[in-house]
Amino acid sequence: MISLKRTDFEDNDFMQLVTLLDADLRVRDGDEHEFYAQFNKIDQIRHVIVAYRDEKPVGCGAIKPYDASTMEIKRMFVLPELRGVGIASQVLNALEKWAAEMGYEKCILETGVKQPEAIALYTKNNYDRIPNYGQYKNAKSSVCFQKQLSS
């Protein structure tokens with residue numbers, strides 16, 4: 001059974017999972033890793049979900065304000081050996097619920113073309129592809145999505 005905890009960037013379990021995420025992204029992104037890494041700092045993230053299985057941290061995700069009506073999904077990760085069993089969708093749904101509770105109307109996110117599992121996750125969870133936004137506008141290896149939240 002999976003349990004979810006609301007926390008923030010100072011959570012040790014979150015920090016450990018982000019270290020694994022960054023190692024994975026370093027390999028996937030290759031030469032582009034430094035460009036993306038500058039946008040993935042966690043020290044300002046106040047809304048984090050950590051997923052646990054048998055009291056062991058197995059996945060995470062976070063949201064941070066993008067503008068007055070939009071939260072940006074950040075730092076989504078599930079341990080490789082547990083992918084494909086729905087943990088990421090549970091984390092994503094919990095983040096969307098949290099954003100809606102705080103009055104946000106939509107979530108946006110960026111992922112990479114070298115992350116087909118992430119693209120499949122967001123598509124499965126009713127995210128629509130949008131033009132690349134903000135710092136990702138001219139990044140050819142980025143894919144951006146958004147989802148309207150129900151109130």
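Note that the coordinates shown come from a computational prediction; the quantities given were computed from them, not determined experimentally.
Counting only residues at least two apart or on different chains, the salt bridge (Lys or Arg N to Asp or Glu O under 4.0 Å) pairs with a member in residues 9-19 are K5-D11. Residue pairs meeting the ring-ring contact (aromatic ring centres under 6.0 Å, His included) criterion with at least one partner in residues 48-79, sequence neighbours excluded, are Y66-Y133.
The side chain to side chain contact (heavy atoms under 4.5 Å, CB included) search around A99 returns I63, M71, Y104, C107, L149, not counting sequence neighbours. In this structure, the side-chain hydrogen bond (donor to acceptor under 3.5 Å, both in side chains) partners of R6, at least two apart in sequence or on a different chain, are E101. In this view, E81 and K56, L79 satisfy the side chain to side chain contact (heavy atoms under 4.5 Å, CB included) rule, not counting sequence neighbours. Scored by the side chain to side chain contact (heavy atoms under 4.5 Å, CB included) test, N132 finds Y136, S142, C144 as partners (sequence neighbours excluded). Listed by chain and number, the residues in a ring-ring contact (aromatic ring centres under 6.0 Å, His included) with Y127 are Y122 (sequence neighbours excluded). For the side chain to side chain contact (heavy atoms under 4.5 Å, CB included) test, residues two or more places apart in sequence or in another chain that qualify with A88 are M76, V78, L121. With sequence neighbours left out, N93 forms a side-chain hydrogen bond (donor to acceptor under 3.5 Å, both in side chains) with no residue at all. Remark: Q90 pairs with no residue by the side-chain hydrogen bond (donor to acceptor under 3.5 Å, both in side chains) rule, at least two apart or across chains.
For the pair V143 and G112, the tightest heavy-atom approach, listed with the atom from each and the gap, is CG2-C, 4.4 Å. Taking all atoms of both residues into account, the shortest heavy-atom contact from G59 to L17 is O-CD1, 3.4 Å. Pairing each heavy atom of T123 with each of F145, the nearest pair is OG1-CE2, 4.1 Å. When all heavy atoms of V91 and G61 are compared, the closest pair comes out as CG1-N, 3.6 Å. Nearest heavy-atom pair, L95 versus H47, reported as atom, atom and distance to 0.1 Å: CD2-O, 4.3 Å. Here the closest heavy-atom approach between residue V50 and residue T7 is recorded as CG2-CG2, 3.9 Å.
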- Message: Quick one, D67 with T70, criterion side chain to side chain donor-acceptor pair (under 3.5 Å). Give me CA distance, side-chain angles, the key distance, then yes/no.
- Response: CA-CA 5 Å; D67 62 30; T70 309; 2.9 Å; yes

- Tell me, with the steps shown, if S89 and K124 meet side chain to side chain contact (heavy atoms under 4.5 Å, CB included). CA-CA 9 Å; S89 288; K124 178 177 80 171; 3.4 Å; yes

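In this structure, the side chains of F14 and I49 stay at 4.5 Å or more apart for every pair of heavy atoms. Between L92 and I73, some side-chain heavy-atom pair lies under the 4.5 Å cut-off. In this structure, R75 and L21 have side chains that are in contact, with non-hydrogen atoms separated by less than 4.5 Å.
Taking CD1 of I119 as the start and OG1 of T111 as the end, the distance is 6.0 Å to the nearest 0.5 Å. Separation of atoms CD (Q146) and CD (Q148) is listed at 5.5 Å; rounding is to 0.5 Å. Distance CD/E96 to CG/N126: 8.5 Å, rounded to 0.5 Å. For the atom pair NZ (K137) and CD (E110), the distance works out to 14.5 Å, reported to the nearest 0.5 Å.
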